[in-house]
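Labels below follow one simple rule: chain letters A, B, ... track the order of the sequence lines, proteins then strands, and each chain is numbered from 1.
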Amino acid sequence: MNLTVNGVEREVDGNGLRPLLFVLREELGITSPKAGCQQGGCGACTVLVDGEPRRSCLVPAAAVEGAAITTVEGLGTPERLAPVQAAFHEHYGSQCGFCTPGFLLATHALIERSPQANREQIEEALAGHACRCTGYVKILEAVEAAVGGAA
Amino acid sequence: MKAVGARLPRYDGVAHVTGRTQYVDDVRVPNMLWAKALRSPVHHAGIKKLDTKKAAAIKGVQAIITWEDVPRLVYGHLEALGIPGDEPLLAKDEVRYKGQPIAFVAAEDEETAQAAVEAMQLDLEERPALFDVRKAADPDAPQIHHWGNWYPHFENEMDVRQIRKGDIDRAFDQADTIVSGVYRPAAIEHVPLEPQTALVVPEPSGRLTIYSCTQALYFSMGVVAAHLEVPLNRLKVVGGTVGGGFGGKVDTATETISALAAMKSGRPVKWRWTREEEFLCSSTRAPWHMEIADAVTKDGWILGRRMLTLHDSGAYARFSPYGLTKHSFHHTGAYTIPNLHFDGYVVFTNRVPTTAMRGFGVTSVSFATELHVSRIAEALGIDPFELRLKNANRIGDTSPNGIAYTDPSTVQTILAIADAIGHELPGDFRAMSRDARADALLPEHLVAQVGEASH
């Protein structure tokens, strides 16, 4: 089975029922998606599948064969941060960092879809993502900055 | 002072936003095993039999650990301070909370380890369980430990944390009225996004490299070394990256058992808790039972406080005596009460062990005190802001354990709250400062307790 992750086609073992999260983490060594709850509740495992946020812990690997999968590793590098990454860094949208990859990808997808997203749309886009450190205020400020920057 | 007021970038910010921060579960090593624990399915029981033979025969199982494999089975998180140990690393003949680890499996993958856990035969004799700290403190309650339910956490097996200050009987004699209340904040789960995880790698040198999400690295090192009966130089602990802790990762919950499995199998072992384990088996903030009776005058002075605190440690004490001690030192909250009689106990129940959480021991009594001060104001018909300002900690006032305050912030805080909500205050209250007490704010009952800092 082949998966296209961050623009690179990779061959993975045959178990198509294995959650995409563990194929990415254990077989491909792509560790930015996190196993926070393994039941679709926390958002820490979020990846983009053809640009749409998906809970990789609930997605069987076979279901995304042929699709374009994006993780945070595919957004930008430390030397060249993507706009959402720069906004989260500059606005302190990350404390312990464990939930951050999921928030980044949800924000990235939101901006692609709605470059002028308002506060209500932002809150709706992030509703399934849990953070226990920041209390969300800094995250929302970071997302608003990212949206403003993209507009 | 380049840092004060400046918006400095987080040192770990770029790693966080590029997904490159390496949490324990992100560390990969070759040849790694995965672990699962057999946990108690009930809150309190005697263990009649544990048979792991079928589990050991499953293909892919590389090590099974039970109490027999632990060099020093029973240890206490505060044993280095002379507080008696109470917690077995793995249950031997009794389980005291639902989720307590009994046996441990390291296997080629998590599914195999889980299958082995489910193949273990466990024969339990269920016993009555206690979930309410007040009921657990009753003399005729079922007994959870050989000491009973009151933990002897001081020298000479003394079980009470006492504060005595001033003349409590005189305060109650002089009072116009006594205001009483009982306060019982509940347990709270920390819910870190990163579940408890450990990875232990046995090195050819005989050392163990321990990747840990602990909030207290050197402390965890000591706990592992004590159970394993090895010197500290056998352990290399790699920590500092915590995916949320909030106090819930100060207990050493995963490292020691994983280390034993790594030693027995000769291979790296990773133990990653599920969200269910995190909710059901990890430590929580403690429930507390606090009884307060304050001797007050009709013009709003709090002359004295009698207080009884029961700290619910859960099934094992861990850091509970430390939390209770902090609690006792703060038991008047942000206010100065010159005559005190405080008794506090660490009481066992059959809940999960409780531990630190954001303001360990102090948030509980702040909650109780603030409610109680409002209750006093209501009983006396006094503005709760004025009552708070009158009794607020000021420079030179002394804490329950006799420390003179040099930088108290109660007065400014209460005034700021009044401003924020537009609460009107009479001029003399509006003009109040935190300066040392004088004139009307140094009534006779406070003269003796004002510390040296003010005179």
Side-chain angles (χ1 to χ4, degrees), chain A residues 6 18 22 25-45 47 57 71-105 107 129-134 142 146, chain B residues 6-30 32-34 108-111 114 188-197 199 211 213 215 240-249 270-280 357-358:
Chain A
N6 299 326
R18 194 172 196 203
F22 294 116
R25 290 181 57 84
E26 312 307 338
E27 293 182 39
L28 301 180
I30 294 171
T31 56
S32 72
K34 305 299 182 198
C37 71
Q38 301 182 45
Q39 51 189 255
C42 74
C45 69
V47 301
C57 71
T71 69
V72 169
E73 286 87 343
L75 288 185
T77 63
E79 296 74 28
R80 269 181 83 91
L81 296 178
V84 283
Q85 293 172 308
F88 270 71
H89 181 42
E90 282 162 27
H91 293 270
Y92 305 94
S94 177
Q95 189 168 315
C96 85
F98 204 80
C99 69
T100 306
F103 275 100
L104 287 169
L105 292 168
T107 304
H129 292 262
C131 163
R132 187 65 160 155
C133 300
T134 70
Chain B
R7 287 175 68 84
L8 300 176
R10 290 183 60 103
Y11 79 98
D12 53 3
V14 170
H16 281 357
V17 300
T18 52
R20 297 184 184 203
T21 301
Q22 196 173 48
Y23 302 88
V24 175
D25 193 23
D26 300 334
V27 180
R28 341 275 58 222
V29 292
M32 190 175 80
L33 300 174
W34 292 87
E108 299 292 342
D109 52 55
E110 278 184 308
E111 293 75 15
Q114 185 59 38
I188 301 174
E189 162 59 29
H190 305 81
V191 205
L193 264 283
E194 174 203 41
Q196 295 269 1
T197 309
L199 167 64
Y211 295 90
C213 61
Q215 289 176 256
T241 303
V242 182
F246 322 115
K249 288 174 181 164
K270 183 182 277 184
W271 188 17
R272 172 178 65 195
W273 288 18
T274 63
R275 183 55 55 188
E276 287 88 342
E277 285 177 296
E278 194 65 43
F279 268 115
L280 298 176
M357 185 173 185
R358 294 189 162 179

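Distance OG1/B/Thr241 to CZ/A/Phe98: 11.5 Å, rounded to 0.5 Å. With values rounded to the nearest 0.5 angstrom, B/Thr18 atom OG1 is found 9.5 Å from A/His89 atom NE2. Rounding to the nearest 0.5 angstrom, the gap separating the CD atom in A/Gln39 from the OG1 atom in B/Thr274 is 8.5 Å.
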| task | Please test B/Arg20 against A/Val72 for side chain to side chain contact (heavy atoms under 4.5 Å, CB included), starting from the C-alpha separation and ending with a verdict. | result | CA-CA 9 Å; B/Arg20 297 184 184 203; A/Val72 169; over 6 Å; no

| Working for side chain to side chain contact (heavy atoms under 4.5 Å, CB included), residues A/Arg25 and B/Asp26 | CA-CA 8 Å; A/Arg25 290 181 57 84; B/Asp26 300 334; 2.8 Å; yes

| request: Give the C-alpha distance, both sets of side-chain angles, the deciding distance and a yes or no for side chain to side chain contact (heavy atoms under 4.5 Å, CB included) between B/Arg7 and A/Glu90. | output: CA-CA 9 Å; B/Arg7 287 175 68 84; A/Glu90 282 162 27; over 6 Å; no

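The part of A/Leu104 that comes within reach of chain B is its side chain, from C-beta onward, which places non-hydrogen atoms under 4.5 angstrom from that chain. When heavy atoms are compared at a cutoff of 4.5 Å, B/Glu278 does not approach chain A at all. Interface residue A/Thr100: only side-chain heavy atoms are found under 4.5 Å from chain B. For a residue to count as touching a neighbouring chain, one of its non-hydrogen atoms must lie under 4.5 Å from one of that chain's; by this rule B/Val242 touches chain A with the backbone only. Using a 4.5 Å cut-off between heavy atoms, B/Phe279 does not touch chain A at all.
Listed here is the closest heavy atom pair of A/Cys42 and B/Leu193: CB-CD1, 3.9 Å. For the pair B/Glu189 and A/Arg132, the tightest heavy-atom approach, listed with the atom from each and the gap, is O-NH2, 2.9 Å. Residues A/Ala35 and B/Pro195 come closest through the heavy atom pair O-CD, 3.7 Å. For the residue pair B/Tyr23 and A/Gly97, the shortest heavy atom distance occurs at OH-C, 2.9 Å. The shortest non-hydrogen separation linking A/Glu73 to B/Gly19 is OE2-O, 4.2 Å.
Chosen from A/Phe103, A/Phe88, A/Phe22, the residue pairing most often with chain B at heavy-atom distances under 4.5 Å is A/Phe22. Top candidate by heavy-atom pairs under 4.5 Å with chain B, chosen from A/Ala82, A/Cys99, A/Ala130, A/Pro78, is A/Pro78. With respect to chain B, the highest number of heavy-atom pairs below 4.5 Å among A/Thr71, A/Thr77, A/Ile30, A/Val84 belongs to A/Thr77. Looking only at heavy-atom pairs under 4.5 Å with chain A, the residue among B/Gly243, B/Pro192, B/Pro9 that has the most is B/Gly243. Across B/Thr197, B/Thr21, B/Asp12, B/Val191, the residue that shares the most heavy-atom pairs under 4.5 angstrom with chain A is B/Val191. In terms of non-hydrogen atom pairs under 4.5 Å with chain B, the most contact-rich of A/Cys37, A/Gly29, A/Pro101 is A/Cys37.
Under the 3.5 Å distance criterion, the side-chain polar atoms of B/Arg275 are left unmatched by any main-chain donor or acceptor of A/Gly41.
Salt bridge annotation for A/Glu26-B/Arg28: present, with a cationic side-chain nitrogen under 4.0 angstrom from a carboxylate oxygen.
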